[in-house]
Amino acid sequence: MTRKNSYIRCIFVFALCASVLMLFAPLTEAGKFKKEYKLTLNVGPQFYWGMGAIKFAELVKQKTNGQINIKPYYGSALLKGAQLKSPQMVASGVIDCAYESTINSSPVMPEMNIFSLPFFINNFENLDKMENGQTGKAIFKAMDKKGLVGLAWAENGFRQVTNSKRALHTPKDLKGLRLRVVGSPIFIDTFRQLGADPVNMNWGDAVTAFQQGVVDGQENPVGVLVPVQIWQYHKYATFWNYLVDPVIVYWNKKQFNAFPKDIQKAIREAAVESARFEKALCRSGLDGDKSLNILKNEFNYTMKIPNPVKFMESKGMTVTFLSDEERAAFIKATKSLYEKWIPKIGKDLYEKAKADMGR
Ligand code: X2X
């Protein structure tokens, strides 16, 4: 072999080695993870729920030494506002993970409607018992079957009605009120049953509808009502705690299970810790000092609005709480929904929920 030939051969072998190395580059340590993991949520960063998602991303980054970087996409931007599509998109892997309300998963997973049965859960203690009990387990199992890993229970909260027309005390007061609701069928059913005129629309369109007076009212928890400054559109709020939406932190199953064990553990811990923070934000001023103290003592965070009801009143709203008698009339008026919805939710899950609540 001539000197020139061996020189060319040397270059050829070198080039071959380099390209083989490049081919395997994504499998080396540095390239093991994606640059960005996309997280979807239906609201913005200034909402308590949005603050929880930010905390989750921060904690994941910290606990994985910067290896896993989550970017929250607010206002269902990855879904063009179609909030009810979140579970399918995470299950298919188009989106990696979510910090999402159970309502937004309910058309795909009917089990989630257990939280939307009107006047079923009543208070935070019952909700916690369900999440930590058989109900929570069964729901995570249903998610697993759909290709999703449930990581933690955060919260949106007990939902209250606001409107621009009148204070609500009896089902009759809802007659003819045009109310924006989420496009989940149980909401349409409930408000029709109460004689209102429900209009379903995505949250992304709802605020414009409030501004333009296209609807008379809506229903959402204080964690949404306060950041969106609902008093700009509606004078009346009725606190009736008729149902609650938890927010579940979840991840695409295939991707999550392929993570090394230490990364899985770090993500799980970050989800639980962020959910504890977020839940305390949403419950602040609604459970005595409990959540305010969690924020102060565990997260060194002082709530700017420690009493959301007083705050809404200070903005000129009339806030009404139902008496036991008034509440009983609403319970009676919505009872027939149980016959229709328990078979869809699953009688088994309904029984589990009752057992968790000690009923
Ligand atoms: O659409 C709503 O009302 C909201 C923001 O509460 C949810 O995403 C369920």
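Whatever order the structure lists ligands and atoms in, that order sets their numbers, starting from 1.
- The atoms of ligand 1 that sit less than 4.0 Å from any heavy atom of Asp245 are 9 (C).
- Near Asn156, meaning under 4.0 Å from one of its heavy atoms, ligand 1 places the atoms 6 (O).
- For an aromatic pair to be called close, the ring centres must be under 6.0 Å apart, and Trp240 with Phe330 satisfies this.
- Taking any N or O of Trp49, backbone or side chain, none lies under 3.5 Å from an N or O belonging to ligand 1.
- The atoms of ligand 1 that sit less than 4.0 Å from any heavy atom of Gln83 are 1 (O), 2 (C), 7 (C), 8 (O).
- Between Asn42 and ligand 1, at least one pair of N/O atoms sits closer than 3.5 Å.
- A side-chain contact (heavy atoms from CB on, under 4.5 Å) with Asn156 holds for exactly one of Val244, Val224, Ile103, Thr102; it is Val224.
- Ring orientation note: the planes of Phe56 and Tyr99 are tilted relative to one another, at an angle of 30° to 60°.
- For Arg359 and Phe120, the positive end sits near the middle of the six-membered ring, less than 6.0 Å away and at most 45° from its axis.
- Contacts between Arg180 and ligand 1 below 4.0 angstrom, taking non-hydrogen atoms only, involve the side chain exclusively.
- Considering backbone and side-chain N/O of Asn220, one or more are found under 3.5 Å from N/O of ligand 1.
- The closest donor-acceptor contact from the side chain of Gln67 to the backbone of Thr64 lies under 3.5 Å.
- In this view, Asp216 and Ser164, Lys165, Leu177, Arg178 satisfy the side-chain contact (heavy atoms from CB on, under 4.5 Å) rule, not counting sequence neighbours.
- Using a cutoff of 4.0 Å between basic side-chain nitrogens and carboxylate oxygens, Arg276 and Glu298 are scored as salt-bridged.
- Using a 4.0 Å cut-off to heavy atoms of Val182, the atoms of ligand 1 that qualify are 1 (O), 2 (C), 3 (O).
- Within ligand 1, counting atoms from 1 as listed, the ones closer than 4.0 Å to a heavy atom of Ser101 are 9 (C).
- Between Phe239 and Phe321, the two ring planes are tilted [angle within 30° to 60°].
- For ligand 1, one of its N or O atoms has an N or O atom of Asn104 under 3.5 Å away.
- In terms of N/O distances under 3.5 Å, ligand 1 is not approached by Glu219.
- Using a 4.0 Å cutoff on heavy atoms, Glu100 does not count as a contact of ligand 1.
- With sequence neighbours left out, the side-chain contact (heavy atoms from CB on, under 4.5 Å) criterion links Pro185 to Trp341.
- Residue contacts with ligand 1 leave out Gln218, since none of its heavy atoms falls under 4.0 Å from the ligand.
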